[in-house]
Student: 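Structure incoming, see below.
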Amino acid sequence: MEFKQYINKRNKPVFMYIHGECLSTFSFKIETKELKKDFTVILPVLGNDFKDIDSAADEIIAFIDKKFKGHIAVLSGFSLGGQIAINILSKRPDLCDHAIIEEARMEPMKIRNWSDLVAVYANPLAQNKLFNSFMYYTKFNKDFAEKEYYQNFKQLSKESIKNQLEATYSFTMPKT
């Protein structure tokens, strides 16, 4: 896993933001611009090596242990990133001072979004620029990152897309 780091040289607290499925750090570009003023910002990239939520959580915990002595100020996640953050906190509730979870499914869902099914089962169609634009606007109502979404989507392997979507839809809240 890659970690984009915006390190503030004035020793500011660490804010980690984990993106959602089929997205990347571009989805937080507006937030990162503001957060960099007061925080060291860390953005894990769930790329082609994504297998499952548990493995991603372990990798992020190992990174925080190594780089930040096992503790950060804020752990935040959106959608799949929120599910990973929940998994991290179930393993290490003392890892951060504050957590922000946004739009994370808390129980498995059998019904899938049509664009997610296209992304996996009609991948060449999903990689078509015009159709990908249509997919983007069915998920997001802002055009701030349409080009980045397309570029990122083209870089993701079909297997990684499938793994990310399956993890998102099959997540169950940990008992801990």
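Since the model is a prediction, treat every value here as computed from it, not as a measurement. By convention here, the first residue in the shown sequence is residue 1.
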Student: Just list the side-chain donor-acceptor pairs under 3.5 Å for residues 24-31, sequence neighbours left out, or say none.
Tutor:
{"unit_1": "Ser27", "atom_1": "OG", "unit_2": "Ser24", "atom_2": "O", "d": "2.7"}
{"unit_1": "Lys29", "atom_1": "NZ", "unit_2": "Phe144", "atom_2": "O", "d": "3.1"}
{"unit_1": "Lys29", "atom_1": "NZ", "unit_2": "Glu148", "atom_2": "OE2", "d": "2.8"}

Student: So, taking the atom named OG1 in Thr32 and the one named CD in Glu34, what distance separates them when rounded to the nearest 0.5 Å?
Tutor: 10.0 Å
Student: Side chains of Met1 and Ile60: does their closest heavy-atom pair fall under 4.5 Å?
Tutor: yes
Student: Pairs of donor and acceptor atoms involving the side chains of residues 78-89, under 3.5 Å and at least two apart or interchain, shall be tabulated with distances.
Tutor:
{"unit_1": "Ser79", "atom_1": "OG", "unit_2": "Glu21", "atom_2": "OE1", "d": "2.7"}
{"unit_1": "Ser79", "atom_1": "OG", "unit_2": "Glu21", "atom_2": "OE2", "d": "3.3"}
{"unit_1": "Gln83", "atom_1": "NE2", "unit_2": "Arg105", "atom_2": "O", "d": "3.0"}
{"unit_1": "Gln83", "atom_1": "NE2", "unit_2": "Thr168", "atom_2": "O", "d": "3.0"}

Student: Would a hydrophobic clustering, with Ile, Leu, Val, Met, Phe, Trp and Tyr connected at side-chain separations under 4.5 Å, put Ile61 with Ile101?
Tutor: yes
Student: If you round to the nearest 0.5 Å, how far is CD1 of Ile42 from CG of Leu75?
Tutor: 12.0 Å
Student: Nearest 0.5 Å please: distance from the OG atom of Ser157 over to the CG atom of Asn48.
Tutor: 4.0 Å
Student: With side chain to side chain contact (heavy atoms under 4.5 Å, CB included) as the criterion, how do Lys69 and Ile64 come out once you've worked through the C-alpha distance, each side chain's angles and the decisive distance to 0.1 Å?
Tutor: CA-CA 7 Å; Lys69 300 177 184 166; Ile64 292 170; over 6 Å; no
Student: Are the side chains of Phe39 and Val74 in touch, meaning some heavy atoms are under 4.5 Å apart?
Tutor: yes
Student: Can you pull the salt bridge (charged side-chain N to carboxylate O under 4.0 Å, His left out) pairs that have at least one residue in residues 155-176, sequence neighbours excluded?
Tutor: Arg112-Glu166
Student: Could you state the interatomic distance from CD (Gln164) to NZ (Lys51), rounded to the nearest 0.5 Å?
Tutor: 11.5 Å
Student: Are the side chain of Ser170 and the backbone N or O of Pro108 linked by a donor-acceptor pair below 3.5 Å?
Tutor: no
Student: After noting the C-alpha distance and the side-chain angles of His71 and Asp97, does the key distance pass the side chain to side chain contact (heavy atoms under 4.5 Å, CB included) rule?
Tutor: CA-CA 8 Å; His71 187 82; Asp97 297 326; 2.9 Å; yes
Student: Yes or no on side chain to side chain contact (heavy atoms under 4.5 Å, CB included) for Ile53 and Phe171, after CA distance, side-chain angles and deciding distance?
Tutor: CA-CA 8 Å; Ile53 289 172; Phe171 182 75; 3.5 Å; yes
Student: Hey, what do you get for CG (Leu46) to CD (Glu59), rounding to the nearest 0.5 Å?
Tutor: 9.5 Å
Student: Under a 4.5 Å side-chain heavy-atom rule over Ile, Leu, Val, Met, Phe, Trp and Tyr, are Tyr121 and Tyr169 clustered together?
Tutor: no
Student: Can you tell me how far the CG atom of Leu165 sits from the SG atom of Cys22, to the nearest 0.5 Å?
Tutor: 4.5 Å
Student: Distance-only, no hydrogens or angles: does the Asn163 side chain make a donor-acceptor pair with backbone N or O of Asp52 under 3.5 Å?
Tutor: no
Student: Under the criterion ring-ring contact (aromatic ring centres under 6.0 Å, His included), I'd like the reasoning laid out for Phe15 against Tyr17: C-alpha separation, chi angles, the key distance, then a yes or no.
Tutor: CA-CA 7 Å; Phe15 191 115; Tyr17 217 153; 5.6 Å; yes
Student: Does any non-hydrogen side-chain atom of Asn132 lie less than 4.5 Å from one of Tyr149?
Tutor: yes
Student: Between Met16 and Val41, is any pair of side-chain heavy atoms under 4.5 Å apart?
Tutor: no
Student: Considering only heavy atoms from C-beta outward, does the side chain of Thr172 approach that of Glu107 to under 4.5 Å?
Tutor: no
Student: Taking atom types as modelled, is there a side-chain donor on Ser133 or Glu146 under 3.5 Å from an acceptor on the other?
Tutor: yes
Student: Is there a path of hydrophobic side-chain contacts, each under 4.5 Å between heavy atoms of I/L/V/M/F/W/Y residues, joining Ile18 to Met106?
Tutor: yes
Student: Count I, L, V, M, F, W, Y as connected when their side-chain heavy atoms are under 4.5 Å apart, and connections chain through other members. Are Ile7 and Phe63 then in the same cluster?
Tutor: no
Student: Quick check: are there more than 12 heavy atoms from other residues, nucleotides or ligands sitting under 6.0 Å from CG of Asp94?
Tutor: yes
Student: So does Leu35 get a backbone contact from the side chain of Tyr6, meaning a donor-acceptor N/O pair under 3.5 Å?
Tutor: no
Student: On a heavy-atom basis, which atom in Gln127 and which in Leu156 lie closest, and how many Å separate them?
Tutor: NE2-O, 4.3 Å
Student: Just do the side chain to side chain contact (heavy atoms under 4.5 Å, CB included) check on Leu43 and His19 with the steps written out, would you?
Tutor: CA-CA 8 Å; Leu43 304 171; His19 65 80; over 6 Å; no
Student: Is there a path of hydrophobic side-chain contacts, each under 4.5 Å between heavy atoms of I/L/V/M/F/W/Y residues, joining Phe50 to Leu23?
Tutor: no
Student: Given the side-chain rings of Tyr136 and Tyr150, with only the six-membered ring counted for Trp, is the space between their centroids under 6.0 Å?
Tutor: no
Student: Should the heavy atoms of other residues, nucleotides or ligands under 6.0 Å from NZ of Lys67 be counted, would the total exceed 12?
Tutor: no
Student: Tell me whether the count of non-hydrogen atoms from other residues, nucleotides or ligands lying under 6.0 Å of NZ in Lys4 goes above 12.
Tutor: no
Student: For the side chain of Asn123 and the backbone of Ala119, is there at least one donor-acceptor N/O pair under 3.5 Å apart?
Tutor: yes
